[in-house]
Structures are given as C-alpha cells and as structure tokens.
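See structure below.
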Amino acid sequence: MDFEFSEDINKARENARNFALSAITPELARKYDLEEKFPEEVWKKAMASRMVDFSNPWSMLVTIEELCRVDPGIGIAATVSLFGSEVLMLFASDQLKEKYLKPVQEGRAIMGLAVTEPGGGSDVAGLKTEAKLEGGKYIINGSKMFITNGQIADFFVMLLRTSRPDSKRHHGLSVLVVDGNLKGFSRNKLTGKLGVRATNTAELILNNVEVPSSNLVGEEGKGFYYIMTFFNISRAYVAAQSIGIAQGAMDHVLAYLKEMKDSGRESEITEDIQFTLSDIATRIEASRLLTYKAASYLFNFQPKPEITSMAKAYASETAVFACEKAMEITGESGLYGDLERFLRDSKIMEIWEGTSEIEKLVIARTFLKGGQM
Amino acid sequence: MSENSDLIRGAVEEFCQKSIVGRALEIERQGMDDGILRAMASQGFLGALFDPQYGGSGIDRSSFFTMLEVFASYSPSTAAKLLITNSIAGPFLLNSAREKMQEVAQGNLKVTCIPGSFVSDRVPAQRLKESGGRIKGELKNLPSPGSGILIAPISEDSAAVVFSGIKVLEERKPLSFRGLGNGDVSVDSADFTVVDGWKGKLLKEILSSMDPGVSAIALGISRGALRKVSEYVTVRKTFDHSLKDYSPVSRRISELMSDLEIMEFYLDNMESIDDDKALKLKVRSTEFARTATKAAIQYHGGYGYFEDFGVEKFYRDSYGLSIMMMDREYDNLRLSEKIFGSRSGFL
Ligand SMILES: Cc1cc2nc3c(=O)[nH]c(=O)nc-3n(C[C@H](O)[C@H](O)[C@H](O)COP(=O)(O)OP(=O)(O)OC[C@H]3O[C@@H](n4cnc5c(N)ncnc54)[C@H](O)[C@@H]3O)c2cc1C
C-alpha cells in the first residue's frame with residue numbers, strides 16, 4: 001500500500017495552491033460573497049490555466065481541495081462549470097459530446113445538472129417534471145429547484161420522467177440535454193444563500209419546452225441509473241470540497257495561534273485548544289484517507305458506492321466540525337474575519353448531492369443486502 | 001414561572017406576531033429601523049428593566065428573561081438589542097446619565113457597546129483613550145454603530161459613556177445579529193462621563209442579568225429553530241412519507257425539544273436560582289443552540305440554506321451569541337472556581 005501521490009498529482013496540487021493564493025484574494029472572496037455573484041474572471045482564469053480537467057480525475061480531486069481551502073465559494077464556482085459533464089462523458093452519443101461537452105471542457109460554455117425539484121431532492125425517483133415524446137421532440141413541463149449555474153448555464157443535463165413508473169419508482173426516468181435559451185424555459189435566480197454565495201443558483205421553470213429527441217442521453221428509461229452513477233463520482237468531489245474547507249479552517253486556526261504565540265500569549269494556547277486542533281487534524285486526515293480510497297475504486301472503474309458515501313458523509317461533517325471548532329478557538333477574530341465565511345459555506349456540504357442522511361441510508365443498505373467490508 | 005412572566009409571554013407573543021414575524025426577514029436584510037425600535041419602546045420592552053422613574057417599565061427579572069426568549073424565537077437581533085440596552089447600558093446609564101434613560105427607553109436615543117468588553121474582568125481587547133478632557137479613538141466591529149450613546153472601556157477598570165462625536169467609518173454585514181448592523185467607529189468627544197471601578201459592583205450586576213439573559217436568547221433561538229423544523233418535517237414528504245415518520249428525524253427533534261424544555265424550565269425558575277446555576281445554564285444553553293439550529297437547517301434540506309425560510313439566521317446568531325455576548329474563557333474560570341473552589345484549568 002502506497003500512501004503517496006505520484007509526482008504529477010503533487011504538481012497539480014501545487015499548481016492549484018499557487019493559483020488559488022494568487023487569483024483568489026481575500027478581498028475578492030469577500031466581494032463575491034457579499035454581492036452573491038458568479039466570479040466570471042476567476043472562472044475564466046482557471047479554465048485558461050487548464051487545471052480544470054475532469055478527464056484527469058486525480059488532479060481534479062486535489063485541485064478542488066486546494067481551491068476550496070483558500071475560498072470555498074470561489075473555489076467551487078471556478079470548477080463547477082462542468083457540473084454533470086461525467087453524464088455526457090460516460091453515456092452521451094459522440095454528436096452530443098461534440099456539441100455540448102467540448103465547449104464546456106474548453107471553457108467556452110457553462111453547464112448545469114438539474115435533478116432536484118421543489119417537491120424533493122433526496123427522493124430522486126419521485127420527480128415529476130415530464131418529457132413527452134411527440135413527433136420527434138420531447139415536450140417538457142415542470143420545474144427544477146436549487147440548480148447550480150441555473151441562471152448562467154448554456155445548457156442542462158436534466159433528469160425527467162419520460163414514462164409512468166411500473167412497479168419500480170425509478171423506472172421511466174431519462175436524461176435529456178436541454179438548452180437554456182429555449183422558448184418556454186425561464187430561470188429565476190435564487191438569492192439569500194447562507195454560503196457558497198459565489199456560486200449561482202436558480203429555479204428552472206419549463207413550460208412546453210421542446211427538445212429534439214436526439215438530445216436524449218443514452219437510452220430512454222435509464223436516467224436514474226445514469227444519474228446515480230454520476231452522483232457516485234461527484235460525491236467524491238464534494239468530499240474533496242469538504243476536505244478543502246476543513247483544511248482552510250485549520251489554516252485559519254494555525255494562523256491565529258501563531259499570532260498568539262508571536263505576541264507573547266503562548267501560555268493561552270491551552271491543552272483544551274491543542275486537543276481541539278488535534279481533533280480537527282485527525283478528522284481531516286481520516287477524511288482524506290476515505291476519500292482517496294473511494295476515488296481509487298472509482299477512477300479504476302470499480303466503484304464502491306458505500307465507500308463513496310462514507311467519504312462524502314464523513315468529509316462533509318468534518319468540514320462543518322472543523323469550521324465550528326475553528327470559530328470557537330478564534331472567537332471574535334473568526335467571527336469578524338474570513339473564517340465565518342467558511343462556516344457558512346461548509347453547511348451546504350452536508351446537504352447537496354445527497355444529504356448526510358441519504359448517504360447513511362446508502363451505506364446501511366449495502367451491508368443489509370449482504371455487502372462486506 | 002411567575003404570573004407576571006405568563007402575562008408578559010402573552011403580551012410579547014402578541015406583539016411579535018403583529019410587529020416582528022412579518023418583518024423578520026427585512027430586519028435581517030436591512031437592519032432594525034427606528035419604527036421597530038419605537039414600536040418595542042411603546043410597549044415598554046426597550047426599557048423593560050429600567051426603573052419607572054427613569055422612563056422604564058421596571059418589570060421583574062423573570063419576566064425580562066421570558067420576554068427575551070420570545071423575541072429571540074422570532075428575531076434574535078431584536079432580543080440582542082433588548083439585552084444590550086437593559087443589561088449593559090441600563091446599569092451604566094443609571095450610574096452616569098439618568099437623565100438620558102427616558103429617551104433611550106422611548107427609542108429616541110440609541111445606545112451601544114461591544115458587549116464582550118463588559119462581561120468579564122479580563123483586559124478588554126479594545127478601548128478608547130481619555131486625554132485632555134476628550135475621549136478619542138476607534139472601535140472595530142461595534143454592533144448598532146449608528147447609535148447616539150457609546151459605552152466603551154478607557155482603562156482596565158474605567159469606562160466612558162460618550163454622548164456625541166461618534167462617527168461611523170465603515171459598516172459591514174456580520175455573521176450574526178444582522179438586524180443590529182456592525183461597523184467601525186471613530187470617537188472624538190468632550191461630551192462624556194467616566195464610570196470608574198465598574199469591574200466591581202457594576203460587573204456583578206451586569207452578569208446577574210447577562211448570564212440568564214444570554215441563556216434566554218440561546219433558548220429562544222433554539223425554540224425558534226425547532227418550532228420551524230417541527231412544522232416543516234410534518235408537512236414535507238420524501239419517498240411518500242412525512243419526514244417526521246423517519247426514526248432518526250423524529251428521535252433527534254424529540255430529543256432536542258426535550259433538552260430545550262428542561263432548560264426552559266430552569267430558566268422559568270430563574271428567580272429562585274442562584275448566579276452559579278445561571279452561569280451553568282448559559283454555558284449549556286449556548287452550546288445547545290448551536291446544535292439545535294444546525295439540525296434545523298439540515299432537516300429543511302436545500303430550503304434551510306436560504307434566508308427566506310428563516311432558519312439559517314438562528315444558526316448564524318447562535319455563534320454570535322456565544323462569541324459576542326459572553327467571554328468563554330472567563331466563564332470557564334468562574335465555573336471552575338465554583339466546582340473546584342479555586343480557578344482551575346489554566347496553567
Ligand atoms: C446551494 C444549492 C445548490 C444546489 N445545486 C443543485 C444542482 O446543481 N442540481 C440539483 O439537482 N440539485 C441541487 N441542489 C439540491 C440538493 O441536492 C438538495 O437540496 C438535496 O438533495 C436535498 O433535497 P431537498 O432539499 O429536497 O431535501 P429533502 O429531500 O426534502 O430532505 C429534507 C431533509 O430530510 C432528510 N431526509 C429525507 N429523506 C430521509 C429519510 N428517508 N430518512 C431520514 N432523513 C431523510 C434529508 O436528509 C434532509 O435532511 C442544490 C441545493 C442547494 C441548497
């Protein structure tokens with residue numbers, strides 16, 4: 001067992017770290033957080049630097065970590081323009097890949113993944129937005145909720161109900177690529193988020209939106225399977241976002257403690273503080289090990305959903321834990337400094353792409369069905 | 001609970017339903033305007049603990065804590081305003097500027113301070129300077145920075161109550177108590193009074209109402225968040241079942257509600273509880289508020305992450321409460337003293 005990354009992955013981490021430190025200044029992070037605006041300039045720079053490359057998943061994993069470590073909101077915004085691209089990579093026709101995937105990979109377009117609806121996000125099979133096939137076109141009616149890049153994306157990979165379910169609720173779902181500028185398609189930006197405010201979030205309303213049947217991804221009726229396959233991959237990236245956030249919170253703590261030391265207050269760094277710091281560090285290390293293990297299965301095309309879910313649930317809870325403890329240690333300095341933004345940002349980790357509760361159900365069900373450790 | 005507290009609870013509930021609930025989001029976004037402050041004043045809430053001869057309502061302490069809890073359950077910022085005004089500014093004004101108290105109680109004159117500077121005997125992180133008959137300096141991260149009266153430490157054991165010459169330098173959106181606002185001010189004033197030796201009797205008096213007052217807000221914040229989430233999990237369905245029917249959801253919320261009610265019982269009997277117990281309640285209830293509010297966001301799913309749903313503010317404010325309104329290190333010292341007979345846990 002080798003716990004060291006190869007040279008090129010270490011290099012990718014170093015590049016991402018340097019990029020983040022120079023392109024995401026605290027002032028910029030504060031500005032986009034306050035204005036609740038997508039940081040187009042940083043996204044463009046990140047794409048131009050070629051570090052956002054999901055066809056190289058290990059590099060992507062460590063890149064996401066390092067960007068989120070400096071600022072979670074901008075860090076996510078800079079990499080999320082390809083959110084959902086794996087669905088196209090794995091299941092779309094060559095024509096769809098050429099038309100839709102290529103521009104996002106080249107930083108010329110932004111995409112979104114639209115699954116959640118106002119009536120539910122956890123219960124994916126319960127979604128209600130319909131796509132009816134009529135004369136070579138799908139006619140879509142319904143709405144999608146909380147969609148990242150919702151207002152700015154050029155197109156969406158959308159999970160829709162194309163036929164009534166039979167005895168299994170998740171049957172009858174399909175994935176379509178839906179352009180954002182179609183007639184009957186409106187999007188409302190959702191504002192007032194607790195955190196990750198540099199990411200764009202919107203509600204999508206689809207009223208008799210017509211999409212050519214050639215925009216069907218893979219086979220009709222297999223959408224649930226495609227999206228679950230995608231979540232299994234994207235959850236590893238959320239774990240990486242979470243590790244970055246936790247590491248960033250720890251950086252803030254260490255800077256604060258150094259300041260205490262430098263100003264002759266070393267004796268105030270009590271054992272209580274030291275134990276808390278060691279808890280944060282231990283949980284970050286454990287999150288990394290779990291995430292890299294999950295990623296290793298995934299990137300070798302032998303996914304283990306229960307391990308990915310463990311990594312996502314544990315790392316996201318670690319992000320929140322680290323931020324909360326960091327706030328306790330740093331007090332007013334954290335409350336009025338940049339750390340408070342990390343606290344606000346961290347909470348989404350336990351919610352999106354499968355809440356902690358849903359991850360726990362995935363884990364438990366695997367073992368109840370006879371899965372082995 | 002005293003009969004008065006019951007009456008107050010009813011009156012404050014009615015007031016909040018009429019004047020706060022519909023405006024709670026606006027308070028978060030734009031801050032408390034003068035209208036809200038005056039409405040609170042007109043009901044006697046703003047000067048609740050002030051003596052009636054100085055324009056206050058002179059309500060009993062127990063009723064005051066009940067009042068804070070109810071306000072906090074709808075808008076923690078309003079409760080924080082009431083706490084700062086009554087529990088810190090009140091005792092200072094009584095010692096230095098009684099003639100201003102009526103105006104403060106009526107909401108015509110606002111008063112502020114950095115609360116953390118007045119809840120411990122430790123050296124305050126920020127202070128102003130007195131020299132040549134003037135008070136000068138800058139303070140960072142002051143809640144309600146646009147106030148007419150400012151109370152600030154000027155030495156280890158004296159504080160100035162400043163009545164003019166307070167200029168707002170920069171305002172920002174804080175994590176917590178957004179309804180109060182937050183900003184940096186510069187001060188240059190000859191119009192002030194000095195209160196010497198406040199760390200004696202005055203600190204004791206402040207703590208005797210801040211300790212339970214902070215607890216009341218912590219429990220109000222928790223009540224507000226748990227009320228919302230209990231309602232939500234009853235109506236929200238996933239996988240064809242109400243959220244409340246899933247065992248982890250139901251159990252967690254029931255446990256949190258039980259803990260809350262045990263602590264509320266303690267708070268309701270605060271008149272007969274000594275200062276030690278008030279301190280213990282504060283330490284427990286502020287930690288509890290952080291746990292309860294986090295669970296409330298979580299069970300709201302994506303909706304919990306948006307301010308429109310009115311839950312995330314409770315989580316944010318639970319942090320401000322335990323950082324701005326108390327000094328954890330000092331409280332730990334006091335606790336250890338009660339338990340070990342001498343200050344312990346600090347080498
Ligand atoms: C900022 C933001 C960005 C987002 N971006 C996207 C996006 O780009 N695309 C997209 O499709 N979605 C997106 N989402 C949606 C997100 O994935 C959902 O919010 C999430 O999946 C939860 O769904 P929900 O909000 O409907 O909560 P619900 O499913 O209603 O769940 C509410 C609560 O109940 C719990 N719960 C549900 N079922 C059970 C059960 N059986 N047992 C125990 N507990 C249970 C959940 O864990 C949660 O705590 C985003 C959300 C946010 C806030």
Side-chain angles (χ1 to χ4, degrees), chain A residues 30 33-34 116-126 145-147 169 190-197 201 203 267-273 316-317 320-321 323-324 327-337 339-341 343-348 350-352 355-358 360-361, chain B residues 25 28-29 114 116-117 125-126 140-142 172-177 182 184 236-241 243 246 248-249 252 287 290-291 293-295 297-313 315-316 318-324 326-329 332 345-347:
Chain A
R30 277 175 223 139
D33 174 63
L34 187 69
T116 305
E117 298 190 352
S122 301
D123 183 6
V124 173
M145 194 62 170
F146 305 134
I147 305 307
R169 296 168 80 241
L190 299 172
T191 56
K193 288 202 293 280
L194 172 63
V196 289
R197 289 161 61 90
T201 317
E203 180 182 13
S267 64
E268 289 176 41
I269 305 175
T270 58
E271 285 196 3
D272 207 14
I273 293 176
S316 63
E317 286 175 11
V320 177
F321 173 85
C323 292
E324 291 183 341
M327 288 292 289
E328 283 176 21
I329 293 175
T330 59
E332 287 204 356
S333 154
L335 187 68
Y336 298 122
L339 181 62
E340 67 86 24
R341 200 173 55 250
L343 177 77
R344 288 187 283 110
D345 293 342
S346 68
K347 192 69 198 79
I348 195 61
E350 296 179 324
I351 297 173
W352 66 14
T355 62
S356 292
E357 289 76 14
I358 296 304
K360 283 171 193 172
L361 286 174
Chain B
L25 188 56
E28 288 300 302
R29 286 181 180 159
I114 293 177
S117 300
Q126 297 189 69
K140 287 198 182 308
N141 295 309
L142 180 71
R172 61 182 75 83
K173 188 172 166 182
L175 175 71
S176 309
F177 301 127
N182 176 280
D184 302 343
R236 179 71 167 178
K237 282 190 168 177
T238 63
F239 307 98
D240 297 331
H241 296 284
L243 279 180
Y246 293 112
V249 179
R252 183 94 177 104
E287 203 174 309
R290 298 199 294 264
T291 307
T293 55
K294 183 166 66 167
I297 294 185
Q298 183 66 18
Y299 291 132
H300 273 84
Y303 291 101
Y305 208 62
F306 284 83
E307 66 181 4
D308 297 21
F309 264 67
V311 229
E312 54 87 44
K313 71 172 179 223
Y315 181 61
R316 287 190 284 101
S318 70
Y319 277 84
L321 185 68
S322 54
I323 296 173
M324 283 165 69
M326 58 195 272
D327 180 332
R328 237 163 56 99
E329 289 306 301
N332 286 342
F346 293 84
L347 290 174

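Here is the naming used below: chain letters follow the sequence lines, and residue numbers restart at 1 for every chain.
Of the two parts of B:Tyr299, only the side chain, counted from C-beta on, holds a non-hydrogen atom closer than 4.5 Å to a non-hydrogen atom of chain A. For chain B, the nearby part of A:Arg169 is the side chain; its heavy atoms alone come within less than 4.5 Å. Within the 4.5 angstrom heavy-atom criterion, no atom of A:Leu361 approaches chain B. For A:Thr116, no part lies near chain B; criterion is any non-hydrogen pair under 4.5 Å. Within the 4.5 angstrom heavy-atom criterion, no atom of B:Arg172 approaches chain A. When heavy atoms are compared at a cutoff of 4.5 Å, A:Val196 approaches chain B by way of both its backbone and its side chain. Contacts of B:Asp327 with chain A are absent, with no heavy-atom separation under 4.5 Å from either backbone or side chain. Contacts between B:Arg316 and chain A at a heavy-atom distance below 4.5 Å involve the side chain alone, from C-beta outward.
Look at A:Glu324 and B:Lys294 and you find a salt bridge, because one of the NZ, NE, NH1 or NH2 atoms lies within 4.0 Å of a carboxylate O, short of that distance. By the 4.0 Å N-to-carboxylate-O rule, A:Glu328 lies close enough to B:Arg290 to be salt-bridged with it.
Note that NE2 of B:His300 and OG1 of A:Thr355 are 14.5 Å apart. Values are rounded to the nearest 0.5 Å. Here the straight-line distance linking atom CD1 of A:Ile358 with atom OG1 of B:Thr238 works out to 6.5 Å at 0.5 Å rounding.
No side-chain heavy atom of B:Asn141 sits less than 4.5 Å from a side-chain heavy atom of A:Glu332. You'll find the side chain of B:Leu175 reaches within 4.5 Å of the side chain of A:Met327, heavy atoms only. Contact annotation: the side chain of B:Gln298 approaches that of A:Ser356 to within less than 4.5 Å [non-hydrogen atoms, C-beta and beyond].
For the pair A:Leu194 and B:Ile297, the tightest heavy-atom approach, listed with the atom from each and the gap, is CD2-CD1, 4.0 Å. Among all heavy-atom pairs drawn from A:Leu335 and B:Ser176, the shortest one is CD1-OG, 3.9 Å. Contact record, B:Tyr305 with A:Asp345: OH-O, 3.5 Å, taken as the closest heavy-atom pair.
In this pair, B:Phe306 and A:Phe146 present their aromatic rings parallel. The plane angle is below 30°, not in the 30 to 60° band.
Ranked by non-hydrogen atom pairs under 4.5 Å with chain B, the options A:Ser122, A:Ala125, A:Gly126 are led by A:Ser122. The greatest number of non-hydrogen atom pairs below 4.5 Å with chain B, out of A:Leu190, A:Thr201, A:Asp272, is found for A:Leu190.
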